[in-house]
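Quick note: numbers below take in every heavy atom, side chains included, and nothing from hydrogens, waters or symmetry partners. Because the structure is predicted, anything quoted here is derived from the model rather than measured.
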Amino acid sequence: MKIAVLSGKGGTGKTIVSASLSAVNQKSQYVDCNVEEPGGYVFLKPDLRHSVPVHVAVPDIDEEICSGCGDCAGACRFHALTGADKQIRLSPEICRHCGACYMVCKPGALTVSERTVGVIETNDDRTFVQGRLNIGEFSAEPVIKKIREYIREDVASILDCSPGMSAGVIQSLRGCDYCLLVTEPTPFALHDLKIAVSVVKRLGIRFGIVINKAYADYSPVRDFCENEGIEILLEIPFSEDIAAGYADGILPVANNPEQTECYINLYRNIRERAGK
Amino acid sequence: MLYKSLQEHKGASRKVKRIVFISGKGGTGKTTLVASLSRIVSSKILADCDTGTPNLHILAGGQVIEERESGETNQAVIDRGKYLSCGLCRRICRFGAVSENYEVDLLYCAGCGACTVMCPAGAVCLEKTKTGMTYIPDTDKGLFSHAISGSGGDVAGKPVTGAGEKTGSRIGGEEWLLIDGPSGTGHSVIASVNGADAVVAVTEPTKSALCALERVLAAANRFHVPGYVCINKYDLNPGITAEIEDFCRQTGITVIGKIPFDLEIVSALCAYKTPFETGLLNITSEIEGIWERLSYRLSEAGR
């Protein structure tokens, strides 16, 4: 079973929810898909023994064979290849590795070369997997695609997604059985929640809501869920203890039996709704 | 009030000073700080470059005076009357965008056109599609530009540089351009920092935020733009606040301000008001102090 935890707005508590869900369930795998800014390791403190670079294919131009015709630059929709005065230049950071350039090159001047764009790190039994994108890289997608190879089929995988609704997030949601949307009772979070809900509905994945830091008497989030027929699976009241623990990298389930009970129930409810 | 649309403006005599606000980790208070500054900085334009999930307009308000399609991409379309079910497009597509039924899922299609090159029946073509919209509302706190990208659309760079460029000229004498930057540490953050006069990283005293701060400052550092740090909710954890201050000292970054936490700020946000409007002296004086220090340093730097 694959559960994606996402939010739209950053800072609502995706990591604390996904890491807690994983922590209360021995037979689970935590997968950090927030490759620009992985954060689960702060709380789960894994022993990361394995590190695998993520390579992508970019074209290498053999200047002796290249005729300077510019067909490759014409085929490149991302302007990674540009040609002027019969000189073809590559900007490797914006190459999307689609392969169109190789297909149109008649002299066969392009060969496949590898670039490293990030890394996948895991512990021994892969109960913890994280992807890390190198700073400045254009797209998180190659790292997220690679992460998916490490998702285990024998246990539940909890995917901690990036904030926002970028192509990287969409890639993370692919093939998931359930989406857990973590929100908070503020206008910013509601705005972004609506965006996230529209995408998850578009993808046709079952989903439910967790309202985190439920301190304010702000009803629009609950009203939205009620009007749309969206199930609120859990409300976590704002707690200074939880906030203090979070700041120090401590999960609420580490020292709070009530919170542990909440997450055990949450996991069970997700399983039922995902039909697993 | 008469004003010109951004595209009509000509002949800016002096370049507006750009300050980009970033965070690395979400929820540290970046947008809230920009919204607060919008209440005290009189001569400014606002731009929200967090295009996937923009929030600044929620507090800035205003009536939209201009909207335009921003950003365009290509998407593959398969002609149902021509395709041969040979499967070549499905094998070629590196983005997994072609389904078993030979339908292109536009959420995954990157518009590369590789499928159009190889299709033996010429059944695939690329069509242009908009990736987002830019809105320009006129608010009682100044001119403001924000953009929203289509969900899942890979618009890193386009609306970011677009929103920044559109507001790059000096309009009617505005001195400052305050940019609510994208979250994360990726390409879109770097694109928003490029050409800025200063970067302010808004952080909070949590281990998660400190890790993110190190990464986002490394990303921003590529352009040698002066960097500052603002520690929001600083009194929630004095120990980690001290760690952040140590990190800044070691890396030569100035802590431009430390804003205390108050639940009244949350209530204010829920009432669509910024922290500056809470009237809490410890909050308002700190925000004013941040602006005083920041504007002074940038004005001095420009001499």
> Quick one: what part of A/F78 sits under 4.5 Å from any heavy atom of chain B, side chain, backbone, both or neither?
Replying inline: side chain
> Among B/G184, B/C115, B/A219, B/S208, who wins on heavy-atom pairs under 4.5 Å with chain A?
Replying inline: B/S208
> Which bit of A/V42 comes within less than 4.5 Å of chain B, counting heavy atoms only: side chain, backbone, both or neither?
Replying inline: side chain
> If you look at every heavy atom in A/A247 and B/P205, which pair is closest and at what distance?
Replying inline: CB-O, 3.5 Å
> At their closest point, which heavy atom of B/K207 faces which heavy atom of A/G249, and how far apart are they?
Replying inline: CD-N, 4.4 Å
> Non-hydrogen atoms of chain B under 4.5 Å away: do they reach the side chain of A/L203, the backbone, both or neither?
Replying inline: side chain
> Pick from B/A209, B/G186, B/G239: which one has the most heavy-atom pairs with chain A under 4.5 Å?
Replying inline: B/G186
> Within a radius of less than 6.0 Å around NZ of A/K45, do more than 12 heavy atoms belonging to other residues, nucleotides or ligands occur?
Replying inline: yes
> Looking only at heavy atoms, what is the nearest atom pair of A/D248 and B/I240, with distance?
Replying inline: OD1-CD1, 3.7 Å
> With a 4.5 angstrom heavy-atom cut-off, which part of B/L236 approaches chain A: side chain, backbone, both or neither?
Replying inline: neither
> If you take all heavy atoms of B/C270 and A/P185, which pair is closest and at what distance?
Replying inline: SG-O, 3.4 Å
>> Once rounded to the nearest 0.5 Å, what's the spacing between atom CZ of B/F95 and atom CD of A/E141?
In response: 6.5 Å
>> Quick check against the 3.5 Å criterion: does A/R174 have a side-chain atom that pairs as donor or acceptor with the backbone of B/Y108?
In response: no
> Does B/R94 reach the main-chain N or O of A/H97 with its side chain, forming a donor-acceptor pair under 3.5 Å?
Replying inline: yes
> Could you name the residues of residues 210-218 of chain B that have a heavy atom within less than 4.5 Å of a heavy atom in chain A?
Replying inline: B/C211, B/A212, B/R215, B/A218
> Do B/V266 and A/K213 touch side chain to side chain, with heavy atoms closer than 4.5 Å?
Replying inline: no
>> Strictly distance-based, threshold 3.5 Å: is any side-chain N or O of A/E36 a donor or acceptor partner for the main-chain N or O of B/T185?
In response: yes
> Out of A/R202, A/E137, A/K145, which one racks up the most heavy-atom pairs below 4.5 Å with chain B?
Replying inline: A/R202
> What part of A/A75 lies closer than 4.5 angstrom to a heavy atom of chain B: side chain, backbone, both or neither?
Replying inline: backbone
